[in-house]
Peer 1: 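Sharing a structure here in structure tokens format.
Position 1 is the first residue of the sequence; numbering continues from there. All ligand and atom numbering here is 1-based and tracks the order in the structure.
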Amino acid sequence: MCRSTLGLALGVVLISLVGECYGGLEYGYYDKKCTKTTFYFFFFPKTTVVNVEDIVAEEVTKAYQKDTTIVAALLRLQFHDCFVKGCDASILLDGENSEKTAVPNRSVRGYDLIEAIKQRLENECAGVVSCADIIALATRDAVFLASRQQLKYKVATGRWDGKVSLASNVDLPPPTISVTDSIAAFARKGLDRNDMIYLLGGHTVGVTHCALFQNRVYNFNNTGLPDPTMNSTLVEQLKKVCPQGSSSGTNSAVALDLGTPSTVDNSYYKQVASRRGILQIDQDIAFDGQTKGTVMLLAANYTQFYKGFGEAMVKLGAVGVKSYPEGEIRKTCSTVKSLF
Ligand code: HEM
Ligand SMILES: *[C@@H]1O[C@H](CO)[C@@H](O)[C@H](O)[C@H]1NC(C)=O
Ligand SMILES: *[C@@H]1O[C@H](CO)[C@@H](O)[C@H](O)[C@H]1NC(C)=O
Ligand SMILES: *[C@@H]1O[C@H](CO)[C@@H](O)[C@H](O)[C@H]1NC(C)=O
Ligand SMILES: CC(=O)N[C@H]1CO[C@H](CO)[C@@H](O)[C@@H]1O
């Protein structure tokens, strides 16, 4: 276990012994931890080391080949998990009043894939790999595939799973949040303004639904008019997709990045820079003085986006991580371990 809290002098020595650390986590934490013993001739034991990260990557690749929207599902899942009580897989827990049931979770997906990976790893080495680490690794691998293999950030591991999940703890930002309030919400998680701008780049994939931005198209801020910051051609297109007063209209899905809706790239920033952001917060970061400089930079420089998005995902993945005994390693991702 990587201990970032050790005394400085001792820490320097230890860090060189245990390898590279990040925010209390360690790169390659599972390297030799997952071992499987088989017997040949019914008697002679043979112990093999199982490569955990390879298994995660293999399962994510299979899932991605079936359905590329898994990348959006995982990005949103990790954001929601980490933002509520830290990256501890508490979002995966079932329960009458668990985080899963909270309203902003309505369209969170990807639970099944995480559970399938967990079950495969439990068969290799029971009680070793946390659900929280599976979320972080699987999201990284999905981003790698959806970025056409351009972006593979390094994920440190060693997260333990949380034991508590309450809908009442869910305080995720709404799409109408102001830039100032959003900066403050990220700051409460130890993420700065640039981290927020980069992480909103997660909206480079995936969809939203008419109900969450329809006011911008028909009646922005009770003016009876569209949002003046929205491209007028786009306003007309969205009126067709989201007809007023029809429930099928409010449920229709619209890509968050209309440029390259299923590729992880800097197109999201190009879209918002040309007034084609869908959610209000997406559009607002392109105009607010606190954020527009970075948005324009990212719209112009995809290398900078890959670099910064990877770094911001690593920071997101270290928010509120737990270790033993506060955390545990679950048997299944949807339930806490039995006390008995
Ligand atoms: C101020 C911060 C944020 C707000 C207000 C916000 C809001 C939203 C909303 C309203 C949706 C659409 C939900 C729906 O229509 O069903 C959405 C989708 C999404 N969000 Fe965010 N989000 C934020 C930050 C993030 C971050 C940091 C990430 C990841 C790094 C992220 C990744 C996604 C993805 C990938 C989707 C699409 C999901 C899918 O297609 O299944 N969001 N977000
Ligand atoms: C919304 O309207 C109020 C007053 O009607 C105004 O003070 C405010 O600036 C408007 N907000 C935006 C984003 O236009
Ligand atoms: C709006 O977007 C369209 C592309 O869909 C573009 O051709 C047009 O120039 C944009 N208009 C404005 C005012 O930016
Ligand atoms: C784009 O960003 C990369 C990475 O930060 C940097 O090395 C490069 O100089 C930037 N390119 C331009 C044209 O600014
Ligand atoms: C996946 C999941 O559990 N989604 C829940 C999100 O919240 C709504 C209502 O608040 C539930 O009906 C969903 O089941």
Side-chain angles (χ1 to χ4, degrees), residues 140 143-144 147-154 173-185 191-205 207-208 210-243 252-316:
R140 185 268 310 268
V143 165
F144 177 63
S147 67
R148 300 208 184 91
Q149 319 207 340
Q150 297 295 300
L151 171 60
K152 189 161 191 176
Y153 50 90
K154 247 178 116 184
T176 49
I177 192 170
S178 71
V179 172
T180 300
D181 289 351
S182 183
I183 291 172
L191 300 165
D192 65 25
R193 183 200 315 179
N194 273 338
D195 296 330
M196 179 196 82
I197 300 168
Y198 280 109
L199 288 170
L200 271 168
H203 290 174
T204 178
V205 289
V207 296
T208 181
C210 294
L212 291 163
F213 61 83
Q214 212 158 9
N215 64 315
R216 297 189 62 214
V217 176
Y218 293 108
N219 184 21
F220 179 68
N221 202 13
N222 290 318
T223 55
L225 295 167
D227 185 338
T229 63
M230 187 184 276
N231 176 303
S232 53
T233 313
L234 179 59
V235 170
E236 294 314 314
Q237 286 166 345
L238 292 177
K239 279 183 179 165
K240 293 200 184 89
V241 184
C242 310
S252 299
V254 172
L256 286 162
D257 169 9
L258 293 166
T260 55
S262 29
T263 311
V264 171
D265 58 14
N266 68 334
S267 158
Y268 161 85
Y269 300 98
K270 293 183 190 167
Q271 291 293 311
V272 301
S274 30
R275 301 174 171 263
R276 294 167 57 79
I278 304 295
L279 298 174
Q280 193 176 320
I281 183 68
D282 293 331
Q283 193 54 72
D284 286 352
I285 60 168
F287 287 104
D288 192 290
Q290 303 170 87
T291 48
K292 69 177 180 193
T294 304
V295 169
M296 297 309 155
L297 182 89
L298 296 179
N301 189 335
Y302 69 91
T303 320
Q304 182 58 39
F305 165 69
Y306 283 136
K307 184 172 174 286
F309 182 65
E311 285 168 5
M313 285 301 292
V314 168
K315 275 179 91 171
L316 176 68

Peer 1: Below 30° counts as parallel, above 60° as perpendicular, anything between as tilted: where do the rings of Tyr302 and Tyr306 land?
Peer 2: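 Ring orientation of Tyr302 relative to Tyr306: perpendicular.
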Peer 1: Output the list of atoms in ligand 4 that are nearer than 4.0 Å to some heavy atom of Asn301, sorted by atom number.
Peer 2: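 In order of number, 1 (C), 2 (O), 3 (C), 8 (C), 10 (C), 11 (N), 12 (C), 14 (O).
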Peer 1: Please write down residue, atom name and distance for the protein heavy atom closest to atom 13 (C) of ligand 3.
Peer 2: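 Looking at atom 13 (C) of ligand 3, the protein heavy atom closest to it is Asn231 ND2, 4.5 Å.
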Peer 1: Taking 4.0 angstrom as the limit, do Lys307 and Glu311 come out as a salt bridge?
Peer 2: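 Salt bridge: yes.
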Peer 1: Just need the protein heavy atom nearest to atom 11 (N) of ligand 2, so name the residue and atom and give the distance.
Peer 2: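 Minimum-distance protein heavy atom for atom 11 (N) of ligand 2 reads Asn221 ND2, 2.6 Å.
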Peer 1: If the cut-off is 4.0 Å to any non-hydrogen atom of Thr233, which atoms of ligand 3 fall inside it?
Peer 2: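 Listed by number with element, the hits are 1 (C).
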Peer 1: Could you go through Asn231 and Thr233, starting from their C-alpha distance and side-chain angles, then the distance that decides it, and tell me whether this counts as side-chain hydrogen bond (donor to acceptor under 3.5 Å, both in side chains)?
Peer 2: CA-CA 6 Å; Asn231 176 303; Thr233 313; 3.3 Å; yes
Peer 1: Does Arg276 have a non-hydrogen atom less than 4.0 Å from ligand 3?
Peer 2: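 Yes; Arg276 lies near enough to ligand 3 that a heavy-atom distance drops under 4.0 Å.
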Peer 1: Does atom NZ of Lys152 have more than 12 heavy-atom neighbours, drawn from other residues, nucleotides or ligands, at distances under 6.0 Å?
Peer 2: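 It does: Lys152 NZ has more than 12 such atoms within range.
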Peer 1: Any protein heavy atom at under 4.0 Å, with atom 9 (O) of ligand 4 as the reference point?
Peer 2: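 So far as the 4.0 Å threshold goes, atom 9 (O) of ligand 4 is out of reach of every protein heavy atom.
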Peer 1: What residue among Thr260, Thr204, Asp282, Thr263 forms side-chain hydrogen bond (donor to acceptor under 3.5 Å, both in side chains) with Tyr268?
Peer 2: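 The passing option is Asp282.
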Peer 1: Of all the heavy-atom pairs spanning Asp257 and Gly259, show the shortest one and how long it is.
Peer 2: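 Heavy atoms only, the tightest pair is OD1-N, 2.8 Å.
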Peer 1: Could you tell me whether some N/O pair between Lys307 and ligand 4 is separated by less than 3.5 angstrom?
Peer 2: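 Between Lys307 and ligand 4, no N or O pair is found under 3.5 Å apart.
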Peer 1: Kindly state if atom 4 (C) of ligand 2 has a protein heavy atom within a strict 4.0 Å cut-off, that is, under 4.0 Å?
Peer 2: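 Protein heavy atoms within 4.0 Å of atom 4 (C) of ligand 2 - there are none.
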